[in-house]
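Contents: one structure, followed by commentary.
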Number of protein chains: 2
Amino acid sequence: MTRRERLRAETTREITAIALAQLAEDGPGAISLRGIAREMGMTPRAIYSYFATRDELITALTGGIATDLADTLEAARDAVPTADTGGRLLAWALATRAWALANPQGFRLFFGDPVPGYQPPEDGPVERASRRICGGLTRLVADAWPLAGRHQPADVSWSDFPPAFFARLQDEDGAEIPPAAAALALRVWGRMHGLVALEIHGHIGAVVHDPAALYRTDMLDLIGSLGLTPPD
Amino acid sequence: MTRRERLRAETTREITAIALAQLAEDGPGAISLRGIAREMGMTPRAIYSYFATRDELITALTGGIATDLADTLEAARDAVPTADTGGRLLAWALATRAWALANPQGFRLFFGDPVPGYQPPEDGPVERASRRICGGLTRLVADAWPLAGRHQPADVSWSDFPPAFFARLQDEDGAEIPPAAAALALRVWGRMHGLVALEIHGHIGAVVHDPAALYRTDMLDLIGSLGLTPPD
DNA sequence: AGACTTACTACACGGCGTGTACTTTTACCT
DNA sequence: AGGTAAAAGTACACGCCGTGTAGTAAGTCT
């Protein structure tokens with residue numbers, strides 16, 4: 001690592017740090033190249049040596065944030081014994097909400113609309129994190145399938161999904177995942193997401209005092225409906 | 001109605017119409033006073049005779065959109081006989097998704113973050129529509145309560161909610177709504193919202209071919225879990 | 001030591017919301 | 001009918017924004 005590379009890495013880190021602060025403070029729309037440059041004592045144009053455009057900066061931020069979320073969810077899941085699928089699902093869900101409350105603007109950036117006219121690239125860290133989240137949840141639901149599958153509709157086939165999604169799930173070692181389990185997993189995802197999204201955007205706080213309890217109740221109900229016993 | 005008032009109303013309508021077009025085209029962030037003025041052949045500053053600020057314009061737009069959503073949901077519900085609570089809930093849910101797909105940017109504007117640093121006023125049409133939606137759904141769930149309430153936790157009291165929420169629900173003629181039903185209603189709201197939010201923000205389309213069927217399955221499951229028979 | 005690449009500056013352009021000051025049009029009152 | 005106050009609209013300016021072009025200074029490699 002040459003001196004130049006070290007400096008470059010350091011500056012890049014400083015730029016993203018300031019941008020993250022702007023994001024956390026005033027939301028995605030407040031991320032400003034000129035603001036960052038001002039805070040760093042640089043010419044606005046100097047940032048362009050590190051990010052070719054503002055959207056590229058935002059893409060990098062989103063990637064980091066999404067990766068952080070995926071890490072958090074996987075860590076929460078893995079803190080619960082493999083055998084306790086219900087507990088792992090609950091941990092996943094509660095970690096989702098906790099992360100969202102800790103990073104509300106990051107939640108908006110990743111799950112909502114980042115910035116007008118912005119289109120994320122097809123295969124960056126954002127996509128990869130998205131796949132980790134979707135795939136991780138699907139595998140959890142697949143673990144619950146022996147019980148959860150009993151009351152699920154059987155008319156689902158892998159042709160209902162894009163081939164890439166299928167491939168991604170199956171090439172993990174061994175276990176076959178039934179297509180109906182994948183469909184169920186997406187519905188579970190939606191259910192875990194809904195209340196959190198409403199809360200983050202201020203639609204729940206005005207109407208109930210303890211959103212945490214509400215969410216927990218719903219997640220316990222969800223786990224029960226999958227035929228799993230919630231952990232103690 | 002004087003000539004002046006007519007002209008004013010007409011101009012106001014034209015401004016909001018163009019703003020709505022901007023919104024539908026490129027999202028909330030693309031709404032621009034200067035752009036509107038340009039399209040109308042006016043000086044940018046002339047808009048200020050109609051809306052004191054850009055945020056005020058957006059507030060008006062959001063109000064109209066939210067009211068439209070509330071109207072749509074209530075109309076869908078009322079197209080199903082009062083006795084068929086399961087059918088009414090399904091209609092409500094499907095109308096939510098259909099409206100969201102027809103007005104994706106409106107969905108973002110109402111349920112997401114409109115614009116950086118923007119704070120909606122406490123008691124405008126937006127709040128009123130929000131209450132209609134939340135309240136309408138709560139009353140539907142209350143209708144299902146005799147059956148749905150059996151497996152619901154009983155440790156919910158009205159002290160868990162803001163007094164205003166309680167008052168709003170009870171002063172409708174007669175029927176007492178149990179607090180646990182209100183809690184359940186919020187969870188139902190979250191469940192109806194989650195998959196739609198994921199889909200609108202592009203997280204579902206990449207991973208399954210027929211989101212409509214997925215959503216319908218989940219809603220039928222939801223209605224079944226409330227002890228209701230889905231309509232034929 | 002010279003050549004090339006990288007980081008950075010200076011300046012400019014067109015976009016944005018909006019403040020101040022002024023002119024024109026309309027509505028109302030005597 | 002004429003005068004006046006309010007409303008609608010214009011002109012100009014300021015400070016934000018992303019970013020294009022041109023040129024300079026420092027670091028790296030042969």
Side-chain angles (χ1 to χ4, degrees), chain A residues 1-19 21-23 25-62 109 113-121, chain B residues 1-19 21-23 25-62 109 113-121:
Chain A
M1 179 108 110
T2 77
R3 163 181 163 75
R4 192 171 214 147
E5 284 172 323
R6 252 185 304 116
L7 285 178
R8 182 177 181 83
E10 180 52 40
T11 307
T12 307
R13 211 171 307 122
E14 191 178 353
I15 292 174
T16 53
I18 296 177
Q22 290 182 335
L23 170 68
E25 187 103 8
D26 295 310
I31 299 169
S32 138
L33 294 186
R34 291 186 109 104
I36 295 169
R38 214 178 303 124
E39 201 153 332
M40 294 178 68
M42 282 170 57
T43 300
R45 212 59 183 61
I47 311 283
Y48 284 73
S49 294
Y50 301 89
F51 298 95
T53 179
R54 176 162 168 265
D55 280 10
E56 197 172 283
L57 208 204
I58 291 183
T59 300
L61 290 181
T62 314
L109 193 59
D113 189 65
V115 93
Y118 170 84
Q119 201 67 13
Chain B
M1 179 107 114
T2 76
R3 162 181 162 73
R4 190 169 213 148
E5 284 172 323
R6 251 184 303 117
L7 284 178
R8 183 179 180 82
E10 179 52 40
T11 308
T12 307
R13 211 170 308 121
E14 191 179 351
I15 292 174
T16 53
I18 296 176
Q22 291 183 334
L23 171 67
E25 187 102 9
D26 295 310
I31 299 169
S32 137
L33 294 186
R34 291 187 109 107
I36 294 169
R38 213 177 303 125
E39 199 153 333
M40 293 177 69
M42 282 170 57
T43 300
R45 212 63 218 325
I47 311 282
Y48 285 73
S49 295
Y50 301 88
F51 297 94
T53 180
R54 177 162 167 265
D55 280 10
E56 198 172 281
L57 207 205
I58 292 182
T59 300
L61 289 181
T62 314
L109 193 58
D113 190 65
V115 92
Y118 169 85
Q119 199 68 12

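Proteins come first, then strands; the chains are lettered A, B, ... in the order of their sequence lines, and each starts at number 1. Note: hydrogens, waters and symmetry copies are ignored here, and every other heavy atom, side chains too, is used. In this text, all values refer to a predicted model and were calculated from it rather than measured experimentally.
Residues Thr53(B) and Glu5(B) each lie close to DNA chain C; by heavy-atom proximity, the contact nearer the 5' end of the strand is made by Thr53(B).
In this structure, CD1 in Ile47(A) is found 12.5 Å from OG1 in Thr53(A), a value given to the nearest 0.5 Å. Taking OH of Tyr50(A) as the start and CD of Glu56(A) as the end, the distance is 14.0 Å to the nearest 0.5 Å.
Per the geometry, CZ belonging to Arg6(A) stands 16 Å off C1' belonging to dA7(C), to the nearest Å. Between the CG atom of Asp55(B) and the C1' atom of dC16(C) there is a distance of 13 Å, rounded to whole Å. Note: CD1 (Ile47(B)) to P (dA7(D)) measures 18 Å, nearest angstrom. Between the CZ atom of Arg34(A) and the P atom of dC8(C) there is a distance of 17 Å, given to the nearest Å. Here the P atom of nucleotide dC17(D) and the OH atom of Tyr48(A) are 11 Å apart, to the nearest Å. If you take CG of Leu33(A) and C1' of dT19(D), they are 9 Å apart, rounded to a whole angstrom. For the pair Leu7(A) CG and dC8(C) C1', the interatomic distance rounds to 13 Å; values are reported in whole Å. As a whole-Å value, the separation of Met40(A) CE from dC8(C) C1' is 12 Å.
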Distances under 3.5 Å only, N/O to N/O: pair up the protein atoms with those of nucleotides 8-11 of chain D.
{"residue": "dA8(D)", "atom": "OP1", "partner": "Arg8(B)", "partner atom": "NH1", "Å": "2.5"}
{"residue": "dA8(D)", "atom": "OP2", "partner": "Arg8(B)", "partner atom": "NH1", "Å": "2.9"}
{"residue": "dG9(D)", "atom": "OP2", "partner": "Tyr50(B)", "partner atom": "OH", "Å": "2.7"}
{"residue": "dT10(D)", "atom": "OP2", "partner": "Thr43(B)", "partner atom": "N", "Å": "3.0"}
{"residue": "dT10(D)", "atom": "OP2", "partner": "Thr43(B)", "partner atom": "OG1", "Å": "3.0"}
{"residue": "dT10(D)", "atom": "O5'", "partner": "Thr43(B)", "partner atom": "OG1", "Å": "3.2"}

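For Arg54(B), taking side-chain heavy atoms from C-beta onward, the closest of the listed nucleotides dT18(C), dC17(D), dG15(C) is dT18(C).
A close approach under 4.0 Å does not occur between any side-chain nitrogen or oxygen of Ser32(B) and OP1 or OP2 of dG15(C). OP1 or OP2 of dC16(C) sits under 4.0 Å from a side-chain N or O of Arg38(B).
Under the rule for a side-chain hydrogen bond (donor to acceptor under 3.5 Å, both in side chains), Glu5(B) has no partner lying at least two apart in sequence or in another chain. For Arg13(B), the side-chain hydrogen bond (donor to acceptor under 3.5 Å, both in side chains) partners are Glu10(B), not counting sequence neighbours.
Residue contacts for Ile31(A): at a heavy-atom cut-off of 4.0 Å it reaches the sugar-phosphate backbone alone, with no base atom in range.
The nearest pair of heavy atoms linking Ile36(A) to Leu57(A) is CD1-CD1, 3.7 Å. The two residues Thr16(B) and Leu61(B) have their closest heavy-atom pair at O-CD2, 3.8 Å.
With Met42(B) as reference, Met40(B) is the one residue of Met40(B), Glu39(B), Arg38(B) to meet the side chain to side chain contact (heavy atoms under 4.5 Å, CB included) rule.
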